[in-house]
Protein chains: 2
Amino acid sequence: MSDPADLQRAPTGDAGNKTSLQRGIAILRAIAAHGGSGVRLTDLARDLEMTPPTVHRLLKALVAEGMIDHDTQGKRYRLGLDLFVLAAQAGSCGTLRDLARPILLRLSATLRETVFLLVRNGFDAICLDRAEGPFPIRSFTGDIGGRVMLGIGQGSLTILAHLPEDEQQEVIRFNLPRMQGMGFLDEVYLRTAIAKVKAQGYASQHSGLLPGMSGVAVPVFDRQGRAVAALSIGTPTDRLTDERLTVVVDILRREAAGISRQLNPFDPALSRPGV
Amino acid sequence: MSDPADLQRAPTGDAGNKTSLQRGIAILRAIAAHGGSGVRLTDLARDLEMTPPTVHRLLKALVAEGMIDHDTQGKRYRLGLDLFVLAAQAGSCGTLRDLARPILLRLSATLRETVFLLVRNGFDAICLDRAEGPFPIRSFTGDIGGRVMLGIGQGSLTILAHLPEDEQQEVIRFNLPRMQGMGFLDEVYLRTAIAKVKAQGYASQHSGLLPGMSGVAVPVFDRQGRAVAALSIGTPTDRLTDERLTVVVDILRREAAGISRQLNPFDPALSRPGV
DNA sequence: CTCAATATTCCGCATGTTGGAATTTTTTGA
DNA sequence: TCAAAAAATTCCAACATGCGGAATATTGAG
């Protein structure tokens with residue numbers, strides 16, 4: 001019944017939560033991981049290995065702040081609207097998201113494809129935004145806020161491929177074990193794919209790992225030339241002919257360059273892989 | 001230099017933050033309020049009336065949790081991606097947002113208008129989702145996550161109008177003073193508008209408070225018949241003829257009813273106005 | 001290069017936090 | 001419908017953790 005929430009906590013072997021603030025955030029995470037149906041206090045306490053009174057007090061504080069909603073008849077807790085409001089302003093790290101938004105909309109309209117904006121976050125890529133096309137799409141990233149390991153999917157792969165050498169190695173070393181369970185991706189395959197992406201400057205795959213789906217992605221560079229994001233589309237495989245691919249890549253590249261030009265100097269994606 | 005952040009803290013005369021968790025959240029709020037350009041520690045300390053060491057420690061915890069990004073050269077703090085990820089799962093309170101998403105998209109496509117989904121939150125309405133139409137739009141709610149006082153704008157007004165009598169009174173009493181500065185809305189006007197909306201079951205305004213913009217909104221009821229949300233469009237005034245209005249209201253109503261039918265029993269928007 | 005402003009670390013004090021136990025409320029089962 | 005079990009909430013004393021003044025390090029300005 002437990003979800004892939006643990007995978008989200010990537011780096012250091014966490015030496016247990018320390019501050020009560022962190023405990024509170026852990027509660028938020030646990031509630032989020034549990035999904036929209038809400039969690040009961042006892043379950044939270046068990047999952048997080050805290051005592052019920054502690055969880056209760058933290059929950060009370062979170063409810064008071066509107067970060068959590070609490071069924072009035074004292075049953076379930078779920079994420080609150082204030083959290084939503086708060087984070088609506090968060091995605092726009094350096095306004096990347098705001099910058100890209102109109103571009104995504106235009107692209108999805110003109111290409112008639114579903115367009116994704118991914119950014120790096122540690123060892124993962126996160127879907128910052130997404131504009132729906134007319135075709136039903138399956139993707140690794142899922143909806144806005146979704147995350148995938150760096151290397152899985154075209155957009156994510158593009159970011160990985162354009163990372164500085166040492167960071168790239170570190171990510172690969174960290175992610176390969178995580179990919180074991182998925183059973184279709186080995187080191188050779190990954191490194192080959194990376195090399196190819198780096199060489200041609202974009203990632204594409206006809207009939208990829210998701211049956212019937214294809215993807216095309218280009219990197220988005222910041223002013224310092226770091227690949228901070230990827231612009232990508234997902235589409236039914238049969239829609240993506242070779243000629244179309246060429247055109248799509250071209251258009252994506254142009255838009256990515258446009259974004260780069262507007263990007264502020266500070267880097268939107270951060271890494272802190274060692275911390 | 002300070003933003004309308006204080007307005008977000010609606011209800012009780014806050015007797016100062018108590019728990020450190022709440023202090024931490026206050027910091028998140030302060031950073032959010034400051035916008036994407038980032039805040040310095042000292043400014044946070046001043047704004048929140050905390051000492052620099054306290055702010056620093058809390059920030060450190062928040063950074064460790066990925067809720068905040070910290071320029072490596074030790075300058076500015078901004079909201080982090082993990083917060084974004086966390087809250088991406090929050091908006092779907094009771095899956096209202098997820099339910100409505102495809103409907104918004106369809107509406108914006110068929111009507112060629114910008115469509116909004118608003119929910120109540122205390123004395124405000126929050127923009128849960130928004131699907132762009134082809135026309136440039138100005139709205140009170142702004143983008144996803146934006147908030148307006150209940151009563152301002154057609155969607156927000158619709159929710160207010162359909163509230164239970166006592167809650168409606170309470171909201172009006174609370175919001176009227178807040179509207180003073182805006183200088184175009186008095187009590188008579190507001191009550192008249194509410195009565196009209198309640199009577200016709202939808203809100204509309206040719207040439208509203210935003211020059212050149214018009215809006216149409218219908219309430220979305222939950223299973224208990226409470227108006228928990230509003231579905232609305234914003235459009236250039238000259239686009240909204242009387243005949244078109246009729247049709248639009250009709251379509252919006254139909255879709256709102258569709259959402260209602262699918263709504264879970266628990267109420268997605270919560271009020272706790274007295275707490 | 002110096003000085004002022006800001007960020008960060010230190011550390012003793014005390015305040016907020018903690019969890020066992022008690023109490024109230026809700027759910028389960030008969 | 002009621003009784004028993006489980007969960008939620010409150011209490012409180014022990015104490016760990018967060019607090020802030022002061023010291024230090026770092027950054028930025030002139």
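In what follows, chains carry the letters A, B, and so on, assigned in the order in which the sequence lines appear, proteins first and then strands, with residues in each chain numbered from 1. Note that the structure is a prediction, hence the values are computed from the model and not measured.
Distance A/K60 NZ to C/dG19 P: 16 Å, rounded to the nearest Å. Between A/L41 atom CG and C/dT27 atom C1' the separation is 15 Å, expressed in whole Å. Per the geometry, CE belonging to B/M50 stands 13 Å off P belonging to C/dG16, to the nearest Å. Straight-line distance from the CD atom of B/Q22 to the C1' atom of D/dC19: 16 Å, rounded to whole Å. The CG-P distance, from A/L44 to D/dT9, rounds to 12 Å in whole Å. The CZ atom of B/R40 sits 13 Å away from the C1' atom of C/dA4 (whole-angstrom rounding). Atom CG in B/L59 sits roughly 15 Å away from atom C1' in C/dT9 (whole-Å rounding). Taking atom CZ of A/R46 as the reference point, atom C1' of D/dA6 lies 13 Å away to the nearest angstrom.
Remark: the backbone N or O of A/A161 is paired with a side-chain donor or acceptor of A/Q168 at under 3.5 angstrom. Between the side chain of B/S20 and the backbone N or O of B/R23 there is no donor-acceptor pair closer than 3.5 Å.
Residue B/H56 has its side chain nearest to C/dT8 when only D/dG21, C/dG19, C/dT8 are considered.
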Exercise. Would you check, one step at a time, whether the test side-chain contact (heavy atoms from CB on, under 4.5 Å) holds for B/D124 with B/V148?
Key: CA-CA 5 Å; B/D124 297 326; B/V148 259; over 6 Å; no
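Counting heavy atoms from C-beta on, the side chains of A/D129 and A/R101 come closer than 4.5 Å. Using a 4.5 Å heavy-atom threshold, the side chains of B/V55 and B/I27 count as touching.
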All N/O pairs under 3.5 Å across the protein-nucleotides 11-18 of chain D interface:
residue: D/dG18; atom: OP1; partner: A/S20; partner atom: N; Å: 2.8

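Not counting sequence neighbours, the partners of B/E165 by the side chain to side chain donor-acceptor pair (under 3.5 Å) test are B/Q169.
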